[in-house]
Amino acid sequence: MNKKTIRDVEVRGKRVFCRVDFNVPMEAGAITDDTRIRAALPTIAYLIEHGAKVILASHLGRPKGKVVEELRLDAVAKRLGELLGRPVVKTDEAVGDEVKAAVANLHEGDVLLLENVRFYPGEEKNDPELARAFAELADLYVNDAFGAAHRAHASTEGIAHHLPAVAGFLMEKEIEVLGKALSNPDRPFTAIIGGAKVKDKIGVIDNLLDKVDNLIIGGGLAYTFVKALGHDVGKSLLEEDKIELAKSFMEKAKEKGVRFYMPVDVVVADRFANDANTKVVPIDAIPSDWEALDIGPQTRELYRDVIRQSKLVVWNGPMGVFEMETFAHGTRTVAEALAEAADTYSVIGGGDSAAAVEKFGLADKMDHISTGGGASLEFMEGKQLPGVVALNDK
Ligand SMILES: Nc1ncnc2c1ncn2[C@@H]1O[C@H](COP(=O)(O)OP(=O)(O)OP(=O)(O)O)[C@@H](O)[C@H]1O
Ligand SMILES: O=C(O)[C@H](O)COP(=O)(O)O
């Protein structure tokens with residue numbers, strides 16, 4: 001990475017404004033998955049050990065510029081304190097007199113967590129006044145919020161124009177791993193693209209076709225490709241207006257010599273339910289009043305073989321409706337194949353695929369699970385992330 005990191009600057013005695021992505025899933029006030037908090041620990045621990053006065057800032061959810069009581073960061077501060085094994089001070093504001101006083105009270109190695117930055121309308125507008133107010137709290141800006149790096153907001157982008165600005169360890173690792181995959185991949189390089197909608201993955205598929213040896217398609221978006229091949233898809237997910245685009249992707253794959261893998265059989269259901277009637281049918285025999293909700297057993301074995309023979313696999317999006325056990329087999333097979341393939345470096349592109357790997361208990365068998373959903377998608381599309389661009393060059 002050509003950006004400075006916390007290793008390149010002196011942090012001792014400095015007030016460090018560290019943007020993290022503590023946008024964790026919550027249910028009834030309790031954190032249901034603290035992966036993102038854990039992922040930021042190396043940076044926070046480094047700052048503590050090196051005598052910084054640590055000011056953490058994050059968003060949680062989408063409160064749209066207003067205070068939403070359920071989206072306060074108190075539970076996050078508590079969890080962070082448990083993980084660090086030391087107290088974390090939490091303010092009820094992210095700027096203003098209460099915050100200034102709390103910052104003035106910090107000693108070297110102390111940790112303060114500000115309130116949800118999205119309670120302020122200026123955050124998402126990247127308001128220069130709010131960015132300046134954040135910057136006035138600190139001597140140095142550290143961005144470790146890879147998950148929010150695709151947002152040009154006051155605490156992710158604006159603030160970087162007012163202070164020396166460097167990356168934290170999580171940001172560095174995400175950019176290095178995903179960047180290496182896209183610019184200098186070990187081969188054979190395979191991308192697995194699933195999920196619901198072609199339209200959300202257009203940029204990713206287009207960009208990856210310039211780089212991969214194998215492209216595997218699964219999930220709901222596969223059926224627009226199946227239709228493009230001239231088969232009926234019954235009631236399966238279909239984006240009529242993307243059929244031509246799907247054809248053009250298959251042509252591009254041929255031109256580029258990319259092997260393009262599509263389901264050869266599927267699990268169809270008579271309704272969208274875990275206890276629906278199901279059967280396995282060849283891809284050219286989907287009954288008109290049934291819908292395909294998972295890849296079939298032959299496809300699972302085919303995809304497993306391709307994974308086994310790959311040196312690098314990037315995976316984004318489930319192979320079926322994995323939230324329902326009946327249609328989770330395809331997604332589980334891909335996850336297991338990645339877990340088993342010792343010579344295959346596996347990169348999980350965040351979002352639902354990361355949730356699936358977690359659900360199957362295979363997270364620790366993957367080489368890299370991105371903490372970014374939208375951010376990792378935009379990165380894989382080849383887009384510049386504003387939160388990274390704004391940091392100081394080496
Ligand atoms: N055959 C299918 N029919 C209908 N829905 C499907 C099918 N296969 C997968 N899905 C659904 O797709 C959803 C995930 O797709 P989506 O595009 O929203 O996210 P994603 O691809 O995981 O992206 P990200 O990883 O960025 O969150 C899942 O909820 C899953 O149930
Ligand atoms: O969950 C995420 O992908 C990040 O925290 C960004 O959240 P956002 O999509 O609400 O900007």
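Count residues from 1 along the sequence. Atoms within each ligand, like the ligands themselves, are counted from 1 in listed order. Heavy atoms only: backbone and side chains are in, while hydrogens, waters and symmetry mates are out.
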Test Phe322 against Phe327 for ring pair (Phe, Tyr, Trp, His ring centres under 6.0 Å), laying out the working first.
CA-CA 5 Å; Phe322 76 101; Phe327 311 107; over 10 Å; no

| query | Given Glu336 and Arg300, is the salt bridge (charged side-chain N to carboxylate O under 4.0 Å, His left out) satisfied, shown in steps? | reply | CA-CA 11 Å; Glu336 283 172 356; Arg300 298 204 292 265; over 6 Å; no

Going through the distances and angles, do Val24 and Asp33 end up as a side-chain contact (heavy atoms from CB on, under 4.5 Å)? CA-CA 6 Å; Val24 289; Asp33 176 8; over 6 Å; no

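Atom 7 (C) of ligand 1 has Gly220 N, 3.2 Å as its closest protein atom, hydrogens excluded (heavy atom only). Ranking protein heavy atoms by distance to atom 19 (O) of ligand 1, first place goes to Asp352 OD2, 3.2 Å. Ranking protein heavy atoms by distance to atom 15 (O) of ligand 1, first place goes to Ala196 N, 3.0 Å. Closest to atom 1 (N) of ligand 1, if we only count protein heavy atoms, is Ala292 O, 3.1 Å. Counting only heavy atoms of the protein, atom 9 (C) of ligand 1 lies nearest to Gly320 O, 3.1 Å. The nearest protein atom to atom 5 (N) of ligand 1, hydrogens excluded, is given as Val321 CG2, 3.6 Å; this is a heavy-atom distance. The protein atom (non-hydrogen) at minimum distance from atom 30 (C) of ligand 1 is Glu323 OE1, 3.6 Å. Atom 23 (O) of ligand 1 has its closest protein heavy atom at Lys201 NZ, 3.6 Å.
Counting heavy atoms closer than 4.0 Å to ligand 1, residue Tyr223 contributes side-chain atoms (C-beta onward) but none from N, CA, C or O.
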Quiz: residues 374-384 side-chain donor-acceptor pairs under 3.5 angstrom, not counting sequence neighbours:
{"from": "Ser376", "atom 1": "OG", "to": "Gly349", "atom 2": "O", "distance (Å)": "2.8"}
{"from": "Ser376", "atom 1": "OG", "to": "Gly372", "atom 2": "O", "distance (Å)": "2.9"}
{"from": "Ser376", "atom 1": "OG", "to": "Gly373", "atom 2": "O", "distance (Å)": "3.1"}
{"from": "Glu381", "atom 1": "OE1", "to": "Lys383", "atom 2": "NZ", "distance (Å)": "3.1"}

For residues 253-260, dump all side-chain donor-acceptor pairs below 3.5 Å to protein atoms at least two apart in sequence or in another chain.
{"from": "Lys256", "atom 1": "NZ", "to": "Asp210", "atom 2": "OD1", "distance (Å)": "3.1"}
{"from": "Arg259", "atom 1": "NE", "to": "Asn214", "atom 2": "OD1", "distance (Å)": "3.2"}
{"from": "Arg259", "atom 1": "NH2", "to": "Asn214", "atom 2": "OD1", "distance (Å)": "3.3"}

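Less than 4.0 angstrom separates some heavy atom of Gly194 from each of these atoms of ligand 1: 21 (O). Residue Leu293 approaches ligand 1 through these ligand atoms, each under 4.0 Å from one of its heavy atoms: 1 (N), 3 (N). Counting the atoms of ligand 1 from 1 in the order shown, those under 4.0 Å from a heavy atom of Gly195 are 12 (O), 14 (C), 15 (O), 17 (O), 21 (O). Below 4.0 Å from some heavy atom of Leu377 lie the following atoms of ligand 1, by number and element: 26 (O).
A distance-only check finds no donor-acceptor pair linking the side chain of Tyr141 to the backbone of His161 [under 3.5 Å]. Counting only distance, with no hydrogens or angles, the side chain of Thr5 and the backbone of Gly168 share no donor-acceptor pair below 3.5 Å. In this structure a side-chain-to-backbone donor-acceptor pair under 3.5 Å is present from Asn116 to Leu71.
In the displayed structure, Asp393 atom CG is contacted under 6.0 Å by more than 12 heavy atoms of other residues, nucleotides or ligands.
Across all their heavy atoms, Lys227 and Asp232 have their closest contact at NZ-OD1, 3.7 Å.
A heavy-atom cutoff of 4.0 Å around ligand 2 is satisfied by the protein residues Asp21, Asn23, Arg36, His59, Arg62, Arg118, Gly147, Arg151.
The list of salt bridge (Lys or Arg N to Asp or Glu O under 4.0 Å) pairs with a residue in residues 302-318, not counting sequence neighbours, reads Glu301-Arg304, Arg304-Glu340, Asp305-Arg308.
Note: Tyr261 and Tyr303 have perpendicular aromatic rings, judged against thresholds of 30 and 60 degrees for the angle between ring planes.
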